[in-house]
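Just follow the structure's listing: the first ligand is 1, and inside any ligand the first atom is 1.
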Amino acid sequence: MKIAVYGKGGIGKSTTSCNISIALARRGENVLQIGCDPKHDSTFTLTGFLIPTIIDTLQSKDYHYEDIWSEDVIHAGYGGVDCVEAGGPPAGAGCGGYVVGETVKLLKELNAFYEYNIILFDVLGDVVCGGFAAPLNYADYCLIITDNGFDSLFAANRITASIREKARTHPLRLVGLVGNRTSQRDLIKKYVEACPMPVIEVLPLIEDIRISRIKGKTLFEMVGSEPSLNYVCEYYLDIADQILSQPEGIVPKEIPDRELFNLLSDL
Ligand code: ADP
Ligand code: MG
């Protein structure tokens, strides 16, 4: 199963992805997480450091795929989750879609792409061109992370449009929205009333999640010394269980920009 996690920059995709990956591994799955954000810190809380990216490794070997070994690019993370960072094109040049394509190509050459029962793509969701939609070519399921604010719901709506478009030619389904870092959900509710899709979880702002980023640990690792954090892990286990139940999911239909502005403003 391939899962793509999308959402606006800074919304909590990598945090959520890392913890869902471990939750899936806890349920017995063999999991690979691929960071597809040029920020290349997707797997930071899994490994505790910034692993070398595929693009950097390819460049250092002059794009000789045959000179690259699995251990050059696949790094073991906490809880048995394997980690890859695609990396980014040079800032202001190149294409994010190309980077994702090269990553999948290399993983196929290494026979790694088909080795895992779950591959999770962590993708930035300020979708401005087809490149950012590239992981949708491989995904069976998509999750969108959002808070209760206009900007992340606007990004969610753009991602929704990309999913609708890709689902015409690929067997891709949206599992639903994951609310993050919010205890309010009035705007999320308004959005899903206008653009029907499941809300599969809403996580509040939790200080220990912010701290986990600084410590370079996932919540599952932190709970070892702080058992009171168990309730946070339960959120991620619940999301993992929903994914593993193979939900039917939906092909969503985005709402026009102007309608979204009206819907989410009080004017
Ligand atoms: P993204 O991958 O979408 O850019 P990150 O996962 O890196 O975002 O998260 C950005 C910051 O927000 C991190 O410092 C992270 O620890 C923090 N964060 C994410 N989710 C929560 C939450 N539910 N409560 C508190 N802080 C959070
Ligand atoms: Mg990230």
Side-chain angles (χ1 to χ4, degrees), residues 3-23 32-51 53-55 75 77-78 81 83-89 91 96 99-100 103 120-128 131-132 134-135 142-156 158-159 162 177-185 188 199-223 226 228-240:
I3 306 159
V5 175
Y6 272 87
K8 184 187 170 303
I11 202 65
K13 295 175 295 294
S14 301
T15 308
T16 311
S17 295
C18 291
N19 286 288
I20 294 177
S21 287
I22 298 182
L32 174 70
Q33 179 167 322
I34 305 181
C36 301
D37 187 327
K39 204 166 131 203
H40 67 85
D41 67 344
S42 166
T43 57
F44 179 69
T45 55
L46 286 167
T47 60
F49 69 106
L50 289 176
I51 64 175
T53 70
I54 295 253
I55 288 301
H75 295 262
Y78 184 81
V81 176
C83 303
V84 162
E85 289 288 344
V99 171
V100 173
T103 297
L120 187 151
F121 294 90
D122 169 11
V123 200
L124 84 171
D126 296 308
V127 183
V128 288
F132 296 101
C142 189
L143 292 177
I144 304 176
I145 317 283
T146 182
D147 62 14
N148 190 48
F150 177 83
D151 295 314
S152 62
L153 284 166
F154 188 84
R158 299 269 297 185
I159 297 158
S162 314
L177 292 181
V178 174
N180 189 43
R181 229 165 34 196
T182 178
S183 45
Q184 310 288 321
R185 52 170 94 183
I188 294 176
V199 178
I200 67 168
E201 198 73 66
V202 179
L203 278 92
L205 188 147
I206 297 173
E207 181 61 7
D208 285 296
I209 298 186
R210 188 188 66 78
I211 292 171
S212 77
R213 173 67 177 75
I214 296 159
K215 287 194 170 168
K217 289 181 177 168
T218 58
L219 271 296
F220 286 88
E221 191 172 357
M222 281 169 66
V223 84
E226 292 171 67
S228 62
L229 294 178
N230 202 36
Y231 81 100
V232 189
C233 298
E234 291 296 331
Y235 282 110
Y236 298 117
L237 285 162
D238 184 56
I239 298 171

- Closest to atom 23 (N) of ligand 1 by heavy-atom distance, out of Asn180, Thr15, Thr182, is Asn180
- Message: Regarding atom 17 (C) of ligand 1: of the candidates Arg181, Lys215, Arg213, which has the closest heavy atom?
- Response: Arg181
If you define the side chain from C-beta out and look only at heavy atoms, does anything of [X] sit under 4.5 Å from [Y]?
{"X": "Tyr6", "Y": "Pro135", "value": "yes"}
{"X": "Ile20", "Y": "Leu143", "value": "yes"}
{"X": "Asp37", "Y": "Ser42", "value": "no"}
{"X": "Phe220", "Y": "Ser21", "value": "no"}
{"X": "Leu203", "Y": "Tyr236", "value": "yes"}

Looking at [atom], what's its closest protein heavy atom, distance included?
{"atom": "atom 25 (C) of ligand 1", "result": "Ile206 O, 3.1 Å"}
{"atom": "atom 10 (C) of ligand 1", "result": "Gly10 O, 3.6 Å"}
{"atom": "atom 21 (C) of ligand 1", "result": "Ile209 CG2, 3.4 Å"}
{"atom": "atom 8 (O) of ligand 1", "result": "Gly12 N, 3.1 Å"}

- Message: For Gln33, is there any backbone N or O sitting under 3.5 Å from a side-chain donor or acceptor partner on Asp122?
- Response: no
- Can you name the nearest heavy-atom pair linking Ala86 to Thr103, along with the distance? CB-OG1, 3.3 Å
- Query: Near the Mg ion (ligand 2), is there an N/O/S atom from Ser14 that is less than 2.8 Å away?
  - Reply: yes
Going by the order shown, which atoms of ligand 1 are within less than 4.0 Å of some heavy atom of [X]?
{"X": "Lys8", "value": "3 (O)"}
{"X": "Pro204", "value": "22 (C), 23 (N), 24 (N)"}
{"X": "Lys39", "value": "4 (O), 7 (O)"}
{"X": "Lys13", "value": "1 (P), 2 (O), 3 (O), 4 (O), 6 (O), 8 (O)"}

- Query: Would you say Glu207 contacts ligand 1, with heavy atoms under 4.0 Å as the rule?
  - Reply: no
- Item | Reference residue Arg213; test side-chain hydrogen bond (donor to acceptor under 3.5 Å, both in side chains); the match among Thr15, Asp41, Thr218, Thr45 | Asp41
